[in-house]
Each structure stands twice: as C-alpha cells, then as structure tokens.
Engineer: 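I'd like to ask some things about the structure below.
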Amino acid sequence: MPATNAMLFISMCHLANIFVIQIILNHNSLANMKFSSKSEIYSYTIPLGLLAFGLNYLFLYRNRDRIYEKYKDESKRQKLIGNILLILYILGSFALVFYFGSKYTVHPLQ
C-alpha cells in the first residue's frame, strides 16, 4: 500500500508540473489551447492523468522491489538529503501551480 500511495502522489506532482508548463506555454502563445466546456477540459486532463499514472506504474511501481533494494542500505545522511529533496520537489511543484495558476488563469467557461 505505501508503494501505491507514493506512486499516486508522485503522479500528482508530475501532473502539477505538466500543468504549470501548459499554463506558461498558453500564456506565451506557444501552445494556445482554449477550452470552451468542462467536457473538453476533462477530455484533455483525464487521458493526461492516465498517461502519467501509467508511466509511473511501468517505471516505478513495477520496479518497486528493485528500487527498494537499491536504497535500503542508505546512510542516515543520504536518507535525510533524499527526504529534503523530495519535500522540496513536492512543495515546489504545488507552489508553482498556485503561483502560475492564479497569475495566468483565464476563465473561458463563465
């Protein structure tokens, strides 16, 4: 169960980063995507989410035993550094979403 939760949470972080890139590209007119309905938004985000979950399943979840074996003998210092980097990645991912999402959001569905 912890491996499943970790995979889901990392997938959400990846999706958050993908959406930040999409917001920046839309704002700079490099990839102009405009949605006119909620169903268009869902038809874009659901497949993208399934793709992120699928890739993380293939590369992380299926190899969880090998990943565990690789990192099980880490020193306390290595674990601390790894945990700090993970926390920074998570905080940074969601901070960027809140920063760019509130700054560049357009409300086409109103």
Side-chain angles (χ1 to χ4, degrees):
M1 194 65 173
T4 304
N5 292 338
M7 183 197 68
L8 292 173
F9 196 72
I10 292 295
S11 296
M12 290 188 321
C13 288
H14 289 158
L15 283 173
N17 291 326
I18 290 169
F19 292 140
V20 166
I21 292 168
Q22 184 64 46
I23 289 169
I24 293 169
L25 291 175
N26 274 342
H27 180 70
N28 294 318
S29 298
L30 298 173
N32 203 4
M33 295 183 71
K34 298 195 189 258
F35 300 108
S36 59
S37 69
K38 286 185 180 182
S39 64
E40 286 181 9
I41 294 170
Y42 295 146
S43 67
Y44 173 74
T45 56
I46 291 173
L48 193 59
L50 291 174
L51 178 66
F53 290 130
L55 289 173
N56 283 321
Y57 175 79
L58 289 174
F59 293 110
L60 296 176
Y61 189 77
R62 281 192 347 182
N63 297 319
R64 66 188 180 274
D65 294 329
R66 190 173 346 143
I67 294 169
Y68 172 76
E69 290 297 322
K70 180 178 179 181
Y71 293 106
K72 75 177 183 178
D73 296 325
E74 281 185 321
S75 68
K76 286 187 178 193
R77 184 173 188 267
Q78 289 172 317
K79 284 182 185 180
L80 179 65
I81 291 170
N83 286 334
I84 289 171
L85 290 175
L86 177 64
I87 290 168
L88 288 174
Y89 175 71
I90 292 167
L91 292 175
S93 295
F94 289 104
L96 288 173
V97 168
F98 287 116
Y99 175 75
F100 286 107
S102 64
K103 188 172 184 178
Y104 299 121
T105 301
V106 178
H107 299 287
L109 301 178
Q110 292 179 349

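Please read these numbers as outputs of a predicted model, since none were measured by experiment. Below, all heavy atoms of this structure are taken into account, side chains as well, without hydrogens, waters or symmetry copies.
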Engineer: Val97: which residues meet the side-chain contact (heavy atoms from CB on, under 4.5 Å) condition with it, sequence neighbours left out?
Structural biologist: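 Here the qualifying residues are Ala16, Val20.
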Engineer: Are Met7 and Leu58 joined in one hydrophobic group, where the rule is that I, L, V, M, F, W and Y side chains link up if heavy atoms are under 4.5 Å apart?
Structural biologist: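 Met7 clusters together with Leu58.
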Engineer: To the nearest 0.5 Å, what is the distance between OG1 on Thr4 and CZ on Phe9?
Structural biologist: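 CZ of Phe9 is found 15.0 Å from OG1 of Thr4.
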Engineer: How far apart are the closest heavy atoms of Leu15 and Leu48, and which atoms are they?
Structural biologist: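 Closest heavy-atom pair between Leu15 and Leu48: CD2-O, 3.8 Å.
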Engineer: Considering non-hydrogen atoms only, spot the tightest contact between Phe19 and Thr45 and give its length.
Structural biologist: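 Closest approach of Phe19 to Thr45, heavy atoms only: CZ-CG2, 3.9 Å.
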Engineer: Given the rule that I, L, V, M, F, W and Y join up when any side-chain heavy atoms are under 4.5 Å apart, are Leu51 and Met12 in one cluster?
Structural biologist: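 No, no single cluster joins them.
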Engineer: What's the separation between atom NZ in Lys79 and atom CD1 in Ile81, rounded to the nearest 0.5 Å?
Structural biologist: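 Reported value, rounded in 0.5 Å steps: 13.5 Å.
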Engineer: Counting neighbours of OH on Tyr42 that are heavy atoms of other residues, nucleotides or ligands and sit closer than 6.0 Å, is the number greater than 12?
Structural biologist: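 No, the 6.0 Å shell around OH holds no more than 12 heavy atoms from other groups.
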Engineer: Partners of Lys72 by salt bridge (Lys or Arg N to Asp or Glu O under 4.0 Å), sequence neighbours excluded?
Structural biologist: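 If we apply the salt bridge (Lys or Arg N to Asp or Glu O under 4.0 Å) test to Lys72, skipping adjacent residues, the hits are Glu69.
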Engineer: Should Tyr57 and Leu55 be regarded as members of a common hydrophobic cluster, given that ILVMFWY residues are connected when their side-chain heavy atoms come within less than 4.5 Å of each other, either directly or indirectly?
Structural biologist: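 Same hydrophobic cluster.
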Engineer: Closest approach of Ser11 and Ala52, non-hydrogen atoms and distance?
Structural biologist: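 Scanning both residues completely, I find the closest heavy atoms to be OG-O, 3.9 Å.
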Engineer: Under a 4.5 Å side-chain heavy-atom rule over Ile, Leu, Val, Met, Phe, Trp and Tyr, are Ile10 and Ile67 clustered together?
Structural biologist: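 Yes: a chain of side-chain contacts under 4.5 Å links Ile10 to Ile67.
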Engineer: What is the distance from atom CG of Leu86 to atom CG of Leu91, rounded to the nearest 0.5 Å?
Structural biologist: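 These two atoms lie 9.5 Å from each other.
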Engineer: With a cut-off of 6.0 Å (strictly less than), are more than 12 heavy atoms of other residues, nucleotides or ligands near OH of Tyr89?
Structural biologist: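 Yes, enclosed.
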Engineer: Taking only residues two or more places apart in sequence, or in another chain, which ones meet Tyr71 in a side-chain hydrogen bond (donor to acceptor under 3.5 Å, both in side chains)?
Structural biologist: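 Per chain and number, Tyr71 pairs via side-chain hydrogen bond (donor to acceptor under 3.5 Å, both in side chains) with no residue.
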Engineer: Any heavy-atom pair between the side chains of Phe53 and Leu8 that's under 4.5 Å?
Structural biologist: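 A side-chain contact exists here, since the closest heavy-atom pair is under 4.5 Å.
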Engineer: Is Ile90 reachable from Tyr99 through a run of hydrophobic residues whose side-chain heavy atoms are each under 4.5 Å from the next?
Structural biologist: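 No, Tyr99 and Ile90 fall in different hydrophobic clusters.
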